[in-house]
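Supplied in structure tokens, the structure appears directly below.
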Amino acid sequence: MFKKIFLFLILSSVAFAQMVYEPLHRDVYSFLSRLSQKSIVIFDDQVRPVSRKYIAQKLLEASEKLNQLTVLEIDELDFYKKDFNREFDFVNNVNTDSDLMTLVGYNEGKRLRLFSYRNNLFSLNVSPILGLKIGSRDGEKLTHIWNGIYTYGYIDKFIGFSFDFRDNLEQGNTIDKHKDFTPITGVDARTDENIIDYPPNKMEYNGLNAVLATDWSWGSFSVGKGFHEWGYGESGLLVLSQKPPSYGFIRLDVKPVDWLKFNYMHGWLSSGIPDSNSFFYNTAGEISFSFINKFIATHSLIITPVSGLDLSVGESIIYDDELELLYLMPIMFFRLADHQLSNQLNAAGGNAQFFFGVSSKGQLRNTHLYGTLFIDEITLSGLFDTYKQRNQLGFTLGGSITDLPIENLTATIEYTKIYPFVYRHYIQTKNYQSADYSLGHWMGHNADLIYGSLNYRFIRGLQATVFGQYIRKGGDGNVQQQYNLQPQPSFLFGMRKNYSYFGAEIKYEYTHELFAKLNYQYINSSIQQEDFSFIDKGLNEFYFSVYYGL
């Protein structure tokens with residue numbers, strides 16, 4: 001009896017509510033980020049995705065400061081508000097007295113829906129995912145067709161849910177089957193490289209994300225399969241990015257006071273390494289097996305000493321084989337736990353990382369300044385000794401300014417440097433990857449990048465972006481160079497590759513989720529040869545896309 005009373009008191013002390021994450025590709029993120037760097041709202045987006053209810057709160061805050069918005073921003077605000085009618089009711093504690101249903105039409109918020117339904121207990125929204133992309137790559141025609149469904153909703157005051165499925169077909173003689181050296185999310189595709197008699201000019205793949213979530217006044221908890229981002233960077237993210245395919249996770253966010261936030265995530269990764277202990281002959285006389293389990297645990301603390309300034313510190317660990325209880329504890333010091341579990345033996349331990357971030361929004365007028373430091377391995381005793389040092393780290397420094405000097409124009413510049421052997425580990429199941437794609441920055445180690453872009457919004461929904469970036473990348477190296485060679489190989493060691501990118505994009509969102517987009521990109525690759533000369537090659541890409549959803 002005492003246990004039941006105790007459990008009731010614990011549960012009743014926390015008022016649970018429903019929560020749904022907003023997909024990371026939605027433009028409302030960039031809209032609120034611009035308002036944040038103009039000090040119109042405070043938008044906490046160091047860890048993404050964020051919930052639709054949180055976004056609704058920020059849109060309502062912006063609605064109270066219309067005198068600080070440009071004419072275009074007011075149009076954009078009105079447009080985004082139509083998508084968050086249900087979440088506004090949650091924020092304002094508004095109930096409906098009847099069932100509301102829309103089938104291929106505009107709902108009560110004047111937002112076009114394939115299907116929507118709501119009452120006080122249950123709500124559901126369904127959107128189709130349809131897309132066609134045609135163009136050319138290296139002078140060859142390419143097509144990309146995708147379709148699927150996205151649905152989300154709420155059950156009573158406790159659970160939010162979302163489901164996103166999409167099927168993809170790419171065709172053409174120059175399709176990128178691996179999507180390695182590109183910020184595009186990696187894929188596990190059916191191609192002629194893994195399917196017998198499969199057409200060489202075709203690839204098929206799909207994606208699935210599903211999340212259940214709940215929140216309360218000072219925190220939230222979610223479980224599912226999805227994408228995660230940590231930190232800032234328009235050209236790539238050092239810590240967590242959308243480069244690998246989505247993976248299973250549990251996530252906890254806590255914000256007990258305005259100046260302190262805590263985030264924890266445990267993920268189920270894909271190692272791609274067969275487990276030799278699982279091999280057996282099935283009834284068809286063929287070998288069946290399982291892959292070795294691989295996991296990530298990460299947590300971070302974000303402190304806000306003054307409005308608009310965030311200082312963050314975090315830790316992550318990659319481990320394999322069995323699920324470990326210590327890494328399921330959000331406040332555990334992962335590196336020290338690893339020392340205990342491995343008996344201080346590297347061959348038995350995990351792969352730990354530390355990361356730090358700083359973000360300043362609005363301290364300088366209309367400006368966002370940010371930086372991220374990712375430490376994979378560092379030797380403090382040899383920090384400044386070129387012979388002993390093992391400084392395997394990466395950093396990003398960047399900034400953007402909006403509405404200055406031209407209204408509705410945003411300029412961004414970034415520099416990222418990743419030293420040799422960052423993200424690498426001699427035990428294959430403990431490298432900083434999932435499904436053979438980096439969990440962090442897409443360009444990998446032993447490379448640096450300088451990036452700049454200009455984005456101009458003409459009218460609500462119509463925007464154009466021009467960008468350029470230059471990448472220097474050294475050799476991949478080997479295990480002996482990473483662990484045994486002293487001094488460590490210098491930055492950009494090995495055969496060099498230099499890449500120059502120039503591109504432009506015009507995008508128009510006619511109504512919610514209905515887009516037309518035009519892309520052009522030119523890439524010049526300069527590859528060093530054995531005689532130290534360079535061979536240059538140019539690649540032109542041109543695409544036109546029309547899609548509903550993404």
Note to self: Quick test of your reading: applying salt bridge (Lys or Arg N to Asp or Glu O under 4.0 Å), list the pairs with at least one residue in residues 519-537, sequence neighbours left out, ordered by first then second residue.
What the structure shows: none

Notebook entry, point to check: Any salt bridge (Lys or Arg N to Asp or Glu O under 4.0 Å) pairs touching residues 231-249, not counting sequence neighbours?
Noted result: none

Note to self: So, using side chain to side chain donor-acceptor pair (under 3.5 Å) as the criterion, who are the partners of H178 when residues are at least two apart?
What the structure shows: E193

Next item on the list: Tell me, please, which residues at least two apart from R26 pass salt bridge (Lys or Arg N to Asp or Glu O under 4.0 Å).
Entry: E22, E513

Margin query: Does the plane of the ring in F334 sit parallel, tilted or perpendicular to the ring in Y327? Use 30° and 60° as the thresholds.
Written below: perpendicular

Notebook entry, point to check: Any idea how Y483 and Y426 line up, ring-wise: parallel (<30°), tilted (30 to 60°), or perpendicular (>60°)?
Noted result: perpendicular

Next item on the list: Taking K294 for its side chain and Q433 for its backbone only, find out whether a donor-acceptor pair lies under 3.5 Å.
Entry: yes

Check: Does the pair Y470 and D448 meet the rule for a side-chain hydrogen bond (donor to acceptor under 3.5 Å, both in side chains), with working shown?
Finding: CA-CA 8 Å; Y470 179 69; D448 67 351; over 6 Å; no

Check: Do you know which two heavy atoms are closest between Y432 and V239, and how far apart they sit?
Finding: OH-O, 2.7 Å

Checklist line | Qualifying salt bridge (Lys or Arg N to Asp or Glu O under 4.0 Å) pairs, either residue in residues 322-345, two or more places apart | finding: none

Note to self: Using a 3.5 Å distance criterion without hydrogens, assess whether the side chain of S434 forms a donor-acceptor pair with backbone atoms of S270.
What the structure shows: yes

Note to self: Tell me which one of Q37, E414, H368 satisfies side-chain hydrogen bond (donor to acceptor under 3.5 Å, both in side chains) with S400.
What the structure shows: Q37

Margin query: Please check: side-chain N/O of Y54 versus main-chain N/O of D44, any donor-acceptor pairing under 3.5 Å?
Written below: yes

Check: Checking side-chain hydrogen bond (donor to acceptor under 3.5 Å, both in side chains) for the pair T402/N366: CA distance, chi angles, key distance, verdict?
Finding: CA-CA 6 Å; T402 189; N366 293 17; over 6 Å; no

Next item on the list: Could you tell me which residues satisfy side-chain contact (heavy atoms from CB on, under 4.5 Å) with Q363, sequence neighbours excluded, listed by chain and number?
Entry: V306, L309, S360

Next item on the list: Measure across S241 and G440 and return the closest heavy-atom pair with its distance rounded to 0.1 Å.
Entry: OG-O, 2.6 Å

Check: Who pairs with S220 by side-chain contact (heavy atoms from CB on, under 4.5 Å), at least two apart in sequence or on another chain?
Finding: M19, D215, D253

Note to self: Whether the Y370 and D310 side chains hold a donor-acceptor pair (N or O, under 3.5 Å, no angle test) is what I'd like checked.
What the structure shows: no

Checklist line | Pairs where residues 218-229 contributes a residue and the test salt bridge (Lys or Arg N to Asp or Glu O under 4.0 Å) is met, not counting sequence neighbours | finding: R48-E229

Item checked: Working for side-chain hydrogen bond (donor to acceptor under 3.5 Å, both in side chains), residues S316 and Q353 -> CA-CA 5 Å; S316 59; Q353 303 82 31; 2.6 Å; yes

Notebook entry, point to check: Considering residues, nucleotides and ligands other than D258, do more than 12 of their heavy atoms fall under 6.0 Å from its CG?
Noted result: no

Check: Under the side-chain hydrogen bond (donor to acceptor under 3.5 Å, both in side chains) criterion, do N519 and E505 qualify, and how do the steps go?
Finding: CA-CA 5 Å; N519 296 83; E505 174 185 285; 2.9 Å; yes

Notebook entry, point to check: Are any of the side-chain heavy atoms of N498 and F534 separated by less than 4.5 Å?
Noted result: yes

Note to self: The criterion is salt bridge (Lys or Arg N to Asp or Glu O under 4.0 Å); which residues satisfy it with K497, sequence neighbours excluded?
What the structure shows: none

Item checked: side-chain contact (heavy atoms from CB on, under 4.5 Å) involving N478 - partner list, sequence neighbours excluded -> Q480, Q481

Next item on the list: State which residues pass side chain to side chain donor-acceptor pair (under 3.5 Å) with S36; sequence neighbours excluded, sorted by chain then number.
Entry: none

Next item on the list: Please identify each residue that fulfils side-chain contact (heavy atoms from CB on, under 4.5 Å) with M495, with sequence neighbours left out.
Entry: Q528

